[in-house]
Amino acid sequence: GYRYPPDGDPEDWYYIRDVFVKDSFDVNSGEIGSPYPDSLEPAAFVRIGKLKFYSGDVCTLTTLGCWRTEYDGESGQAVAISESLGVVMLGTRGGEHPGLYFIRLSDIEAGNYTAEPITKLNGNIIDLYVKDDTLVYFQGFAGLYIFDISDLPSIDTVGFYRSGSDGVIIVEGRYVYRLNTWGVFTIFEVDSTLGIQGKLERGDKLEIYPNPAFAECGHIRIIPRDVDGYAVDITGKVVRKIENGKLELKGLPVGVYLLRLRYDGKEYVKKILVIN
C-alpha cells in the first residue's frame with residue numbers, strides 16, 4: 001500500500017486516527033512509526049486526496065500528497081481543511097511539540113513533506129471542527145476554543161471554555177456538543193454578544209434561548225422556569241407578558257425588546273432580538 005510519508009521506510013507502520021471530507025477533498029491524519037523503537041521516533045502526518053465523482057454512487061480517490069511533522073513523537077489526532085483559504089489543519093498530541101499546524105494545501109500537493117507551516121498553535125489537540133471555512137473549533141487538554149482564521153497567519157480568539165477535557169465535539173449552528181471519554185456530555189451555546197475573548201460558559205443565573213430568535217420558532221424560553229415578567233419594545237411599551245419562563249412570539253413584530261424579569265426576589269433586564 002501507500003507509505004506515509006512516501007520517503008519513509010517500507011517496514012514503518014502507520015495508524016490513521018481521523019478522516020475529514022470537504023467538498024472535493026479527502027484529508028486524513030495519523031502517525032507513522034517504526035517497529036524498531038531505537039531507529040525512529042513516531043511522527044504525525046496528514047494525507048490529502050482528490051475526490052472524483054461520477055454518475056450514480058461511483059467515487060474515486062487520488063492521493064495528491066502528504067505532509068509530516070518532525071519525528072518528535074507526535075500523534076496526528078485530528079484533521080480539517082479550509083478550501084477557500086487553501087489550508088489544511090493538523091491537530092497533534094503527545095511528543096515534544098504538540099499543537100495545531102496550519103499547512104498550505106499547495107505544499108502538500110507539491111509533495112513538500114516537511115514544508116514549514118504557515119503558523120502553529122501550541123497544545124495537545126483532541127478534536128477539530130471547521131465552520132464556514134473560517135471558524136475553527138478545537139478541543140484540547142486545556143479546554144474548548146474557537147478561532148477565526150480568515151486573516152491567516154493572524155488568528156483571533158472568538159471564544160473559549162477553559163475546562164480541560166478530552167473527547168470529541170460536534171458543532172450545530174450556535175451549539176457545541178462535547179462528549180469526553182468519562183461519559184460526560186456537555187452542550188455549549190455560543191453567545192454572539194460576547195465578542196473577542198468571550199467565554200462560552202454562562203455566568204448569569206438566568207439563561208435565555210434562543211437569542212436571537214426567529215419569529216416563527218414560537219417562543220423564547222427563560223431558565224429557570226419560575227420566572228415572571230414582561231417584554232417591552234424600544235419605546236418602553238409593554239408588548240407581552242412572560243409567564244412560567246416563557247415568552248410567546250406569535251404576532252410579535254421583528255425588532256429589539258427588553259425583558260424585565262423577576263426572579264429570586266430580584267429584578268433583571270435582558271435584551272433579546274426577534275428576526276425573520
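The backbone N or O of Thr114 lies less than 3.5 Å from no partner atom in the side chain of Asn112, so there is not a single donor-acceptor pair. Checked by atom type and distance alone, the side chain of Lys241 never pairs as donor or acceptor with a backbone atom of Ala231 at under 3.5 Å. A donor-acceptor pair is defined here as one N or O able to donate and one able to accept, closer than 3.5 Å; such a pair exists between the side chain of Thr69 and the backbone of Ala44. At distances below 3.5 Å, at least one donor-acceptor pair connects side-chain atoms of Arg240 with backbone N or O atoms of Glu248. Here the side chain of Lys131 pairs no donor or acceptor atom with the backbone of Glu172 at under 3.5 angstrom. For the pair Asp151 (side chain) and Ser154 (backbone), a donor-acceptor distance under 3.5 Å is absent. Judged purely by atom type and a 3.5 angstrom limit, Asp18 uses its side chain to pair as donor or acceptor with the backbone of Val79.
Under 3.5 Å, the side chains of Asp132 and Thr134 contain no donor-acceptor pair of N or O atoms. Counted by atom type alone, Glu74 and Tyr101 present one or more donor-acceptor pairs between their side chains at under 3.5 Å.
A 4.5 Å side-chain heavy-atom check between Val19 and Asp26 finds at least one atom pair inside the cut-off. Contact of the Leu85 side chain with the Asp133 side chain is not registered, since no non-hydrogen atoms from C-beta on lie closer than 4.5 Å. Residues Tyr268 and Tyr263 have side chains in contact (heavy-atom distance under 4.5 Å, counting atoms from C-beta outward). Taking 4.5 Å as the limit, every side-chain heavy atom of Pro153 sits out of range of all side-chain heavy atoms of Phe102. Looking only at side-chain heavy atoms (C-beta outward), Leu179 and Val184 stay at 4.5 Å or farther from each other. Here the side chains of Phe147 and Leu121 are in contact, with some heavy-atom distance below 4.5 Å. With contacts defined as side-chain heavy-atom distances shorter than 4.5 Å, the pair Ile108/Leu64 does not qualify. Val227 has its side chain out of reach of Arg262: every pair of non-hydrogen atoms, C-beta onward, lies at least 4.5 Å apart.
Listed by chain and residue number, Arg17 satisfy the salt bridge (charged side-chain N to carboxylate O under 4.0 Å, His left out) test with Glu31 (two or more places apart in sequence, or in another chain).
Both Tyr230 and Val269 belong to a common hydrophobic cluster when Ile, Leu, Val, Met, Phe, Trp and Tyr are linked at side-chain heavy-atom distances under 4.5 angstrom. In terms of hydrophobic clustering, with Ile, Leu, Val, Met, Phe, Trp and Tyr side chains grouped at heavy-atom distances under 4.5 Å, Ile242 and Val232 are assigned to different clusters. Hydrophobic clustering of Ile, Leu, Val, Met, Phe, Trp and Tyr side chains at less than 4.5 Å, counting indirect connections, keeps Leu252 apart from Leu258.
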| Residues Phe45, Trp67; criterion side chain to side chain contact (heavy atoms under 4.5 Å, CB included); working and verdict | CA-CA 6 Å; Phe45 74 85; Trp67 181 90; over 6 Å; no
| Full working for ring-ring contact (aromatic ring centres under 6.0 Å, His included) between Tyr145 and Tyr137 | CA-CA 6 Å; Tyr145 290 80; Tyr137 296 67; over 10 Å; no
| message | Assess the residue pair Val168 and Ile126 against the criterion (side chain to side chain contact (heavy atoms under 4.5 Å, CB included)); give the C-alpha distance rounded to whole Å, side-chain angles, the decisive distance to 0.1 Å, and a yes or no. | response | CA-CA 7 Å; Val168 298; Ile126 308 300; 5.8 Å; no
| Derivation of the side chain to side chain contact (heavy atoms under 4.5 Å, CB included) call for Thr157 and Ile146 | CA-CA 6 Å; Thr157 304; Ile146 307 176; over 6 Å; no
| field | Check against side chain to side chain contact (heavy atoms under 4.5 Å, CB included), Met89 and Leu100 | value | CA-CA 7 Å; Met89 286 146 275; Leu100 180 58; 4.1 Å; yes
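Note that the CG atom of Leu261 and the CD1 atom of Ile222 stand 6.0 Å from one another [nearest 0.5 Å]. If you take CZ on Arg260 and NZ on Lys270, they are separated by 13.5 Å, rounding to the nearest 0.5 Å. We find the CZ-CD1 distance between Phe185 and Ile187 to be 4.5 Å, quoted to the nearest 0.5 Å. Atom-to-atom distance recorded for Thr63:OG1 and Ile48:CD1 is 10.0 Å, nearest 0.5 angstrom. Note: Arg104 CZ to Leu152 CG = 9.5 Å, rounded to the nearest 0.5 Å. Atom CG of Asn124 sits about 10.0 Å away from atom OG of Ser75, to the nearest 0.5 Å.
With ring centers used as reference points, Tyr129 lies 6.0 Å or more from Phe138.
The neighbour count for Tyr15 OH, taken as heavy atoms of other residues, nucleotides or ligands under 6.0 Å away, does not exceed 12. Within a 6.0 Å sphere centred on CD1 of Ile170, other residues, nucleotides and ligands contribute 12 heavy atoms or fewer.
For the pair Lys50 and Phe25, the cation sits on the ring face: its NZ or CZ lies under 6.0 Å from the ring centre, inside 45° of the axis.
Counting all heavy atoms, side chain and backbone alike, Glu70 lies closest to Ala43 at O-CB, 3.5 Å. Taking each heavy atom of Ser29 and Leu90 in turn, the nearest pair found is CB-CD1, 3.4 Å. In terms of heavy atoms, Gly94 sits closest to Pro98 at O-CB, 3.4 Å.
Among residues at least two apart or in separate chains, there is no salt bridge (charged side-chain N to carboxylate O under 4.0 Å, His left out) pair with a member in residues 106-118.
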